[in-house]
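First up is the structure itself, then whatever we jot down about it.
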Amino acid sequence: MKKKIIFSGIQPTGSLTIGNYIGALSQWRKLQKKYFCIFCIADLHSLTIYQKKDVLNKNILDILAICLACGISPEKSIIFVQSHVPQHSQLNWILNCFTNFGEMKRMTQFKEKIYLNKNINIGLFNYPILMASDILLYQTNKVPVGKDQIQHIELTRDIAYRFNNIYGNIFTIPEKILNTNGSCIMSLTNPQKKMSKSDPDNNNIIDLFDSDFIIKQKIKNAITDSNYPPNIKYDFKNKPGISNLLIILSNITECSIKKLEQNFKNKNYNNLKESIIDNLCIFLNKLRKKYFFYRNDEKYLKNIMFNGAKRAKKQANITLKKVYDTIGLSFK
Ligand code: TYM
């Protein structure tokens, strides 16, 4: 039987957090066993914020090396850079014409960003439609993402339904996949807020490149609660800080929350934090070692990029041609 198709993407914006790893990259690695996976470095999406040429070039190679270090296999899966496959932008224009202004105005990420940023460009507004193009171009069945991307997947489904209603079954309707044990890693000092690489307060995030010393400081300062006696239990509503820390530890050690709760019975919050520090340092040191191994070989990375684009284009062309033929843009 033909394997189902997974598609997902990540922006090359410099640093990555442990949230990106838990919500996305660790899922990507696991899904490769069962599905045909296509992963995209979304450089066009990153242009919604001004990027310096050399920095963007470097960030693309950095993120590719991180993906490899996280276990993404260029043999099993396709990994490529979005701008290397122009079909994404071509489909984007067409899907713009099948998307309502009103539904775009309801996108919460856009609303949050305009609140923070004065220099708003149309790219930021259009961003979810480019994401829909990424997904629909590959007849994707499932999209592994963190919780912050759910609304964009819903929009993608709506656009696909709308298009299919007019023209027949052109697009596969994709479904989201969330990490049931970590679809939204929260800020360390404000666990009501998502851990985000764009957070201006660096103490809120664990960066994959934080040193052991910084990790120690950040985890020591992470918010817990004032329950007495201390209670290490997953209960996000009443104990968001402890729950967030348990989720991080569970994902890094691949130990269930239940097991962790048993292990930390009658222990205090400091014991929990010490264990997170030890495990995070071991985990991130190993990851970085693999990262540097790949990052030092630019020729190898570029080869993966070009090969990935070649394979992606082949798939993307099939859908784009189908769309062009269907709407009356091509002549036989
Ligand atoms: P980006 O680059 O912001 O994030 C990449 C992935 O990391 C997830 N993520 C998190 N998961 C859990 N907890 C967190 N704190 C956390 N922070 C980030 C995100 O949900 C995402 O899955 N628009 C996308 C990139 C993209 C894409 C696509 C994704 C472009 N085209 C097509 C899926 C399908 C983005 O900006 O992700």
Side-chain angles (χ1 to χ4, degrees), residues 5-29 31 37-49 59-60 62-63 66-67 70 72 78-83 85 88-89 91-92 95 107-110 112-113 123-124 126-138 140-157 159-160 174-188 190-199 204-208 236 240 243-244 247-248 250-251 312 316:
I5 297 174
I6 292 275
F7 183 94
S8 198
I10 191 160
Q11 289 193 61
T13 39
S15 62
L16 285 191
T17 73
I18 198 75
N20 292 121
Y21 173 79
I22 294 172
L25 293 168
S26 70
Q27 302 309 303
W28 296 8
R29 182 189 65 239
L31 290 163
C37 296
I38 307 174
F39 300 122
C40 153
I41 297 175
D43 57 346
L44 294 174
H45 276 107
S46 73
L47 297 180
T48 54
I49 297 170
N59 286 348
I60 291 171
D62 287 354
I63 202 116
I66 290 179
C67 288
C70 287
I72 306 307
I78 297 181
I79 178 150
F80 72 101
V81 179
Q82 192 182 31
S83 66
V85 181
H88 290 247
S89 305
L91 184 62
N92 182 209
L95 297 187
M107 292 290 116
T108 51
Q109 270 206 352
F110 175 71
E112 280 162 19
K113 284 188 179 158
L124 192 65
N126 182 274
Y127 179 110
I129 313 177
L130 180 58
M131 213 173 130
S133 313
D134 298 343
I135 297 167
L136 298 179
L137 207 43
Y138 297 93
T140 302
N141 301 102
K142 290 170 193 280
V143 189
V145 281
K147 214 171 170 177
D148 58 326
Q149 301 294 327
I150 293 180
Q151 202 188 23
H152 299 156
I153 310 293
E154 295 303 329
L155 176 81
T156 304
R157 289 167 60 87
I159 296 173
E175 284 167 26
K176 63 179 178 295
I177 302 186
L178 295 176
N179 177 355
T180 45
N181 185 32
S183 64
C184 193
I185 301 301
M186 308 309 270
S187 148
L188 295 176
N190 177 4
Q192 303 299 340
K193 202 173 87 175
K194 186 189 84 163
M195 183 185 284
S196 167
K197 53 192 171 189
S198 55
D199 196 319
N204 290 336
I205 68 168
I206 294 285
D207 190 302
L208 298 185
F236 197 84
S243 302
N244 194 37
I247 288 199
I248 294 175
S250 164
N251 276 278

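Order of listing sets the numbers, starting from 1, for every ligand and every atom in it. Every heavy atom of this structure was used, including side-chain atoms; hydrogens, water molecules and symmetry mates were not.
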Just list the N/O pairs, ligand 1 to protein, that are under 3.5 Å apart, with the distance for each.
residue  : atom   : partner : partner atom : Å
ligand 1 : 2 (O)  : Gln11   : N            : 2.9
ligand 1 : 2 (O)  : Lys197  : NZ           : 3.1
ligand 1 : 4 (O)  : Asn20   : ND2          : 3.3
ligand 1 : 7 (O)  : Asn20   : ND2          : 3.0
ligand 1 : 11 (N) : Gly19   : O            : 3.2
ligand 1 : 13 (N) : Ile185  : N            : 2.8
ligand 1 : 15 (N) : Ile185  : O            : 2.9
ligand 1 : 15 (N) : Met195  : O            : 2.9
ligand 1 : 20 (O) : Gly146  : N            : 2.8
ligand 1 : 20 (O) : Asp148  : OD1          : 2.4
ligand 1 : 22 (O) : Gly146  : N            : 3.2
ligand 1 : 23 (N) : Tyr127  : OH           : 2.8
ligand 1 : 31 (N) : Asp134  : OD2          : 2.7
ligand 1 : 36 (O) : Gln11   : NE2          : 2.7
ligand 1 : 36 (O) : Tyr127  : OH           : 2.4

N/O donor-acceptor pair under 3.5 Å between His88 side chain and Leu130 backbone: no
Which residues share a side chain to side chain contact (heavy atoms under 4.5 Å, CB included) with Cys184, sequence neighbours left out: Lys147, Met186, Lys194
Ser243: partners by side chain to side chain contact (heavy atoms under 4.5 Å, CB included), with sequence neighbours left out: Tyr234, Phe236, Lys239
Backbone N/O of Tyr21 and side chain of Ser26: donor-acceptor pair under 3.5 Å: yes
Set of side chain to side chain contact (heavy atoms under 4.5 Å, CB included) partners for Leu47, sequence neighbours left out: Leu44, Gln51, Leu56
Distance (rounded to the nearest 0.5 Å) between Cys40 SG and Ile79 CD1: 9.0 Å
